[in-house]
Amino acid sequence: MPLSSSSDIAAAEIAMLKPQILRNILLRIFSFGVLFLAVRFAFLLTLTGGHCRSAGGLCLFPENNYLFGTVEGCLRRKPRGRDFWRRRAVDYYSSIFQDLIAEGFLSPNSKILCIETLDGEDVVALREIAVLDSIGISKKASPPLIVSGEAHRQPFDDDTFDFEFSGDGHLEQSVRPADFASEVGRTLKPGGIFVVHTNSAQDSYSFNSFFDLFNCCMLIRTSEIDGLYSPSIREIVVKKKDTTKKPCRSGSNDNKCSVPGYKRDIIANAESLIEEEPLKPWIALKMNMKNVKYLPSMADISFKQRYIYVDVGARNYASSIGNWFQKQYPKQNKNFEIYAIEADRAFHGEYEAKKGVILLPYAAWIRNETLFFKISRGGATNKIGKEKKKRRGMGRIHPVMPSTSYMRDMDRIQGYDFAVWLKKTVSRSDFVVVKMDVEGTEFHLIPRMIETGAMCLVDEMFLECHYNRLQRCCPGERSVKFQNTYDECLELLNLIRENGVLVHQWCFSTTKNHRGFLSPSLCYAAKFEQPVRDPMQLGVDDQDEVATSYICHALDHINSSGLWFGDDPLAFSVPLLLLQLSLISIFTRSIYFLLKPFGQPFIVSQILGGVVLGPSIIGRNSEFATKVFPPKGRALVETLSVFGFMPFVFLIGVKMDPNIVLRSGKRTIAIGFLAFSIPYVLGGFIAFLLKHFVSLDQNVSSALSLVVTIQSLTAFPSIACFLDELGILNSEIGRLASSSSIVCDVCYWSIVAVKFVAHLASHKSIIMSIGYLSSVGLLFVSIFYGIRPAVLWAIRQTPEGEPAKNICVFAVLMALMVCGFMGEVVGLNAFVPSFLLGLVIPDGPPLGAALVEKLDCFVSVLLMPIFFTVCGLKMDIFAIQQFKNVGVIQLTFFVAFFGKIIGAALPPLMDRMPIMDALSLGLIMNAKGVVELFMLTSWKAENVVNDECFAIMMISVLIVTGVMSPVVKALYDPSKRFLAYRRRTILHHLPGEELRTLACVHRQENVPAIIDLIAASNPTKESPINLVVLHLVKLMGRASSLLVPHQPREKPSQYPSQSERIFNAFKKFEKHYSDHMSVHCFKGISPYATMHNDVCSLALDKRSTFIIIPFHKLWISGTVVETSHSFRHLNKNVLDKAPCSVGVLIDRGNPRKVLTTLRVNKSLYRVAVLFFGGADDREVLAYAGRMSKHWNVCTTLFCFSSSDEIVGGSARSKTLDTDILSKFRLSAFRNERVSFKEVTVGDRQGVLDVLRSLDGGYELVMVGRRHEESWLMSELTKWKEHGELGMIGEILASSDIRISATILVVQQQTRVWGLRDPEESLRLKRESTRQNL
């Protein structure tokens, strides 16, 4: 006896529940395991060096007997996998040591120490060649081959070893190379041999620096040999002198020093000093800074104990430390100790918050005594005589009290002997850089340094020499501020070079940026005669006191006359900009064309286009960079790119709907919160471990927190663009990711706001803090309570369905510029008020859609590609010098990456989402885009990250974005969830069940035909109709799609919207069948390309049996007035992916009989059914059978037949056709409103004649969409091409067959889980048998 429907459903739910419970348990175990392994991996990598030495516990990298067991075990073990590379290393060192034995440096009886051996391959090699008395030293002990210790603190007695070896470049990587050398000299016996392999010591400077460390040894030989991990490496062999038992120490800091030849060679190769006094020193000296040859760019500075930068006359941090030394000076990835010597108390407070900078709040002088510090504060006048605002000038020290007239500008300060301090602070084994800008005091300090020998400790110096320069205000007159001449300055500079110090003429002007910090400026010009902004106009007598930079550019150099008239087009602004934009477009589009088959988003090709044009590839050619992207041209492009970002964030605000978070429920909030907090905690924990247990560069250490920040952020603009490019914006995962990203953004910006307020409270005065917060608050209030009401008023004045007026769009754009300007005025980034302004404008028509329509193309096609390309232009992959830094940053990045996957995937998994969908959601939440790129470029511009860290983080963003796009496409297919687990067709609809129908509506003209069809479907009390109405609206002026139930207004509006008018018509129709029908209204806003996802997902959620979609052509009074290719594409997708049966409704727009009035009218509604055979025709016949029970519907069946098979098909299909026709014939005998006509045709003309005969006799014609191939279908194909309606449907919809009736083309459900051919299904047979019973 067959089970009831409710019993079947209950059994199916129980059967599905058990594997779901098991799956949830396994997922929780798996998630815990992944989290445990990630933490364990980080612990091993940071604390234990990657190997487990403990006896118990889980070990990711177990001990390898090949290296940490006995030598016999090594020989017996067959090398494979990782052991292969270790075996290779052992063989390499074995050949090295055998060569040393052959040269007599090593013997089997020698006592040998291998320094900083990580895995002990060199020790194993020694044991294999019978040098048994050998031992290694490393931070991690591995008995019996390796003992615990460090190179600069060896746990051995003096004169212990005959031979010591350091390979793989460990010496130059040591943070304390002088102590390293000292320990070698201590533990090595007199006459012992020390062999070192180094990648440095390639030039005379680094080679002599090496021997300064090992001054207790003598050189035996040096040679280039094949390296283990590099093509070549330098091998240096030294021998400890027999005459001394003292360890290697750097020379004493005495008063005498010699200048070796290699230093003289470096000085000879440096830039020349300016021999003649420049007429315009403020230009000539700044131009000379561009030609500076830095010492680290000419020599390797690896073999130094410490790296020290001393800024004498530092002023504020950004003056030279932040914007010159940190950003421009080539440091070869060395961590410099920075000393700032500044006597002016006005700048002392700034250094309290600067980590890594030691402030000496004194005046550098020739002895320890009290001095008087004078500040030049004189008010300046401009050309028209108006007094300018007083500002703080440069300070000068006076050893005695000057006249009382200057007492108001004097400060009593403490001076100290700079030369003595320098000798106590640094040694000859240190690399010391000194910048000196001391307002004339250099004529006292330099001789004192030479006299005491302190000058010999300096490697490189940048000196601004002050002399009685010509005044710009008064031609021919010299400044009385300084008494020394330029010739005396030149003598001083030559004296420094004669003492072996590479000195440069220093001149580095600064300007305040929009945040109040100082930033560097280089003077560049086409002609210098007419600068755009001349410092001479400031009216001061000493140009060095001017704190404003200027760009020297010839006026009217905008358009070029051309090559034929002697002009260089690239020297003019317009042709240079056009060339830059052209190259950007060509390279980005070409790369996108190459990467598109690999599923790469457009943002990847745009960034790569900038990388190709930048210093990483083509821009590495200095001639190309100078010609195509000179400083003046690059400044214009960067300004254009930053400006383009402002309307972009404004449009994002316009498209954004914050209310989607409230509509999404608790799951969205949980996903957004966990997707932010878990990567933030995990990434922060890994960064903490790396900072405290791994030796890192200062720049890398500070960048780790930024890596955690950028990886924890899930920016809504980036997610929306990523989803739109993947075409899943309105899928379930797309909506979830969009709404969750807003929650994540709220979490991130809340933390940023709290940190910023805390910073204001701790570092700024109360008045400044209150003033800033009040100004920002007033700006926000103006936007929310001033502009927003005006926008809402303008929207109310716009008639429904009409676009916004141009004056409204113009007013909004003016408000955008004003808000951006006011944001900059109050100290807020212009992008913040721009985003808030967009946020207060309602998304969608009329105003939001009009703004997006007018601006989107210009911003997204022209401005934003420039922004992305400029980001790539700023990246230099050659700035990456140490792969260790890459590994550290990437480890932090990917730990936070996996943390975000876990945080985003856990809530959906607990809500029984499929694993692949949850994983796809986690990957999507990791998407990076425009917001992250803007943050990275801002950090680089503000010197928060250096070039190396910026390049590494940009590569991380590129890898994540480039890899995730094809992975998400492979993992997530929205149409998979539309696969139904049971038959949802009218044919299999059980008697007594409600008929669940989904009706799609595009416009009001679709409503009457749908209402007629639903009314003809015979809603009764025994078999009611559950109608879901979906109004489909194109996504305009929004960033996220929407699918929500309609909420009627409390009070009816005098001007209802189009959706309200549509829904009101269906609600009024519902009242006619109050007991037999229920209507539920939904509104879906999405792009046309993915609109089918809304239709199919709603049909699946509502368990619909039948979907009604309007035809893509619109008729009015029998004439086609509009054809929509977007609707046609939508219909195709619905037909392909629908989880139930589908009917395409073709409304000819002719006058019709409304069935709601036929309840009181005796006229009949005539329906014609065309039956050729097949599953779709059987579905039509089943639908007609339901209609035939309506007492006002008259149904006629036209059954086509011929001597041959009229349609193809399997035997099972023929049997089913015969069965359903027999039932319908039987009902025709019992019901006088049902008639049966068998039509025999011999060719296609017979079919066409029958179809033409239907005109005027019927209100509705129904036919199946698909028919198997046959002779008849082949002939019809010659008359009409096959389309989405099938052969017969296309003929009925064509203008050649003029039928005034409404046409319904039906397709039976095609997608059923586990059924390839429903007609051959045993389950179908059982259902058919049960229906017969």
Side-chain angles (χ1 to χ4, degrees), residues 730-731 974-975 977-989 993-1003 1006-1007 1009-1017 1019 1025-1033 1043 1045 1062 1066 1077-1084 1086 1088 1090-1112 1126-1147 1175-1176 1178-1180 1182-1184 1186-1187 1260 1262-1266 1284-1286 1289 1302-1312 1318:
N730 64 329
S731 64
S975 63
R977 67 181 298 265
F978 305 146
L979 201 61
Y981 290 90
R982 56 173 295 182
R983 299 307 305 268
R984 293 184 178 178
T985 67
I986 300 175
L987 179 62
H988 303 95
H989 182 259
E993 272 189 339
E994 66 176 359
L995 179 63
R996 297 178 177 269
T997 304
L998 171 63
C1000 302
V1001 181
H1002 297 299
R1003 50 175 70 92
N1006 303 143
V1007 174
I1010 295 176
I1011 288 180
D1012 280 355
L1013 181 62
I1014 298 299
S1017 300
I1025 292 179
N1026 186 319
L1027 178 62
V1028 176
V1029 180
L1030 175 60
H1031 182 203
L1032 296 172
V1033 181
L1043 180 60
I1062 291 172
F1066 281 99
M1077 180 184 297
S1078 60
V1079 176
H1080 310 278
C1081 299
F1082 287 80
K1083 185 175 183 178
S1086 57
Y1088 282 137
T1090 58
M1091 193 174 282
H1092 62 278
N1093 288 332
D1094 287 346
V1095 178
C1096 296
S1097 61
L1098 188 60
L1100 190 68
D1101 293 340
K1102 298 300 179 181
R1103 294 180 292 171
S1104 299
T1105 302
F1106 191 56
I1107 298 175
I1108 302 172
I1109 51 176
F1111 191 49
H1112 66 271
S1126 300
F1127 292 165
R1128 183 178 186 181
H1129 180 71
L1130 166 65
N1131 293 351
K1132 286 183 178 180
N1133 287 330
V1134 172
L1135 290 168
D1136 290 340
K1137 301 177 181 180
C1140 60
S1141 297
V1142 182
V1144 180
L1145 188 62
I1146 305 167
D1147 180 18
D1176 294 350
R1178 293 194 295 272
E1179 186 75 3
V1180 169
Y1183 196 15
R1186 179 182 177 95
M1187 291 181 175
L1260 176 65
M1262 298 195 299
V1263 67
R1265 174 174 178 264
R1266 298 166 301 167
E1284 69 271 16
L1285 295 180
T1302 301
I1303 302 167
L1304 181 66
V1305 181
V1306 178
Q1307 174 186 279
Q1308 194 181 55
Q1309 179 188 16
T1310 59
R1311 296 164 59 87
V1312 183

S.K.: What residues, two or more places apart in sequence or in another chain, satisfy side-chain hydrogen bond (donor to acceptor under 3.5 Å, both in side chains) together with Asn1006?
M.R.: none

S.K.: What do the steps show when you test Leu1145 against Ile1109 for side-chain contact (heavy atoms from CB on, under 4.5 Å), and what is the final call?
M.R.: CA-CA 6 Å; Leu1145 188 62; Ile1109 51 176; over 6 Å; no

S.K.: I'd like to check the salt bridge (charged side-chain N to carboxylate O under 4.0 Å, His left out) partners of Arg1186; sequence neighbours left out, ordered by chain and number.
M.R.: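 Arg1186 satisfies salt bridge (charged side-chain N to carboxylate O under 4.0 Å, His left out) with no residue once adjacent residues are dropped.
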
S.K.: Going by heavy atoms in the side chains, are Ile1146 and Leu1285 under 4.5 Å from each other?
M.R.: yes

S.K.: Kindly compute the distance separating CG (Leu1100) from CG (Asn1093), expressed to the nearest 0.5 Å.
M.R.: 11.5 Å

S.K.: Would you say His988 and Thr985 are linked by a side-chain donor-acceptor pair, where the criterion is simply a distance under 3.5 Å?
M.R.: yes

S.K.: Please lay out, stage by stage, how His1112 and Glu1284 fare under the test side-chain contact (heavy atoms from CB on, under 4.5 Å).
M.R.: CA-CA 11 Å; His1112 66 271; Glu1284 69 271 16; 3.1 Å; yes

S.K.: Listed by chain and number, what are the ring pair (Phe, Tyr, Trp, His ring centres under 6.0 Å) partners of His1002, not counting sequence neighbours?
M.R.: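 With neighbours one apart ignored, the set is Phe1127.
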
S.K.: What verdict does the side-chain contact (heavy atoms from CB on, under 4.5 Å) test give for Ile1014 and Met1077, after you've listed the backbone C-alpha separation in whole Å, the side-chain angles of each residue and the deciding distance to 0.1 Å?
M.R.: CA-CA 10 Å; Ile1014 298 299; Met1077 180 184 297; 3.4 Å; yes

S.K.: With rounding to the nearest 0.5 angstrom, report the NZ to NE2 distance, Lys1083 to His1031.
M.R.: 7.0 Å

S.K.: Testing the basics here: between Ile1010 and Cys1000, what is the closest heavy-atom pair and its distance to 0.1 Å?
M.R.: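 Shortest heavy-atom contact: CD1-O, 3.5 Å.
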
S.K.: Looking only at heavy atoms, which two atoms of Ile986 and Thr1105 are closest? And how far apart?
M.R.: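 Heavy-atom minimum between the residues: N-CG2, 3.7 Å.
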
S.K.: Only one of Val1305, Ile1303, Leu1304 clears side-chain contact (heavy atoms from CB on, under 4.5 Å) with Met1262; which?
M.R.: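 So, applying the side-chain contact (heavy atoms from CB on, under 4.5 Å) to Met1262 and each of Val1305, Ile1303, Leu1304, only Leu1304 qualifies.
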
S.K.: Do the side chains of Asp1176 and Arg1265 get close enough for a salt bridge, i.e. N-O under 4.0 angstrom?
M.R.: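 Salt bridge between Asp1176 and Arg1265, a charged N being under 4.0 Å from a carboxylate O: no.
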
S.K.: Considering only heavy atoms from C-beta outward, does the side chain of Val1306 approach that of Val1142 to under 4.5 Å?
M.R.: no

S.K.: Quick check: does any side chain N or O of His989 sit under 3.5 Å from a backbone N or O of Glu994, one acting as donor and the other as acceptor?
M.R.: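 Between the backbone of Glu994 and the side chain of His989 there is a qualifying donor-acceptor contact (under 3.5 Å).
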
S.K.: Measure the spacing between OG of Ser1086 and CG of Leu1032 and express it to the nearest 0.5 Å.
M.R.: 6.5 Å

S.K.: So, taking the atom named CG in Leu1260 and the one named CE in Met1187, what distance separates them when rounded to the nearest 0.5 Å?
M.R.: 5.5 Å

S.K.: Taking side-chain hydrogen bond (donor to acceptor under 3.5 Å, both in side chains) as the definition, give me every residue that meets it alongside Asn1131, ordered by chain and number, with sequence neighbours left out.
M.R.: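 Per chain and number, Asn1131 pairs via side-chain hydrogen bond (donor to acceptor under 3.5 Å, both in side chains) with no residue.
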
S.K.: Report the distance from atom SG of Cys1096 to atom CG of Asp1136, rounding to the nearest 0.5 Å.
M.R.: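 Separation between the atoms: 9.5 Å.
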
S.K.: Only counting residues at least two apart or in another chain, list the ones meeting ring pair (Phe, Tyr, Trp, His ring centres under 6.0 Å) with Phe1082.
M.R.: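 Ring pair (Phe, Tyr, Trp, His ring centres under 6.0 Å) list for Phe1082, sorted by chain: empty.
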
S.K.: Between OG1 of Thr997 and CG of Asn1026, what distance do you get to the nearest 0.5 Å?
M.R.: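 Rounded to the nearest 0.5 Å, the OG1-CG separation comes to 8.0 Å.
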
S.K.: Looking at residues at least two apart in the chain, or sitting in another chain, which of them share a side chain to side chain contact (heavy atoms under 4.5 Å, CB included) with Val1007?
M.R.: Val1001, Ile1011, Ile1062, Ala1065, Phe1066

S.K.: Can you name the nearest heavy-atom pair linking Val1079 to Cys1081, along with the distance?
M.R.: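 Taking Val1079 first and Cys1081 second, the nearest heavy atoms are CG1-SG, 4.0 Å.
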
S.K.: Restricting to non-hydrogen atoms, name the atom on Leu1135 and the atom on Gln1307 that form the minimum distance, rounded to 0.1 Å.
M.R.: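 That closest heavy-atom pairing would be O-NE2, 2.7 Å.
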
S.K.: Output all residues satisfying ring pair (Phe, Tyr, Trp, His ring centres under 6.0 Å) with Tyr1183, sequence neighbours left out; order by chain, then residue number.
M.R.: Phe1106

S.K.: Identify the two heavy atoms, one from Ala1138 and one from Ile1107, that lie closest to each other, and give their separation to 0.1 Å.
M.R.: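 In this case the closest contact between Ala1138 and Ile1107 is CB-CD1, 4.1 Å.
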
S.K.: In chain order, what residues pass the side-chain hydrogen bond (donor to acceptor under 3.5 Å, both in side chains) check against Glu1179, with sequence neighbours excluded?
M.R.: Ser1141, Gln1308

S.K.: How close do Ser1104 and Cys1140 get, counting heavy atoms only, and between which atoms?
M.R.: O-CB, 3.3 Å

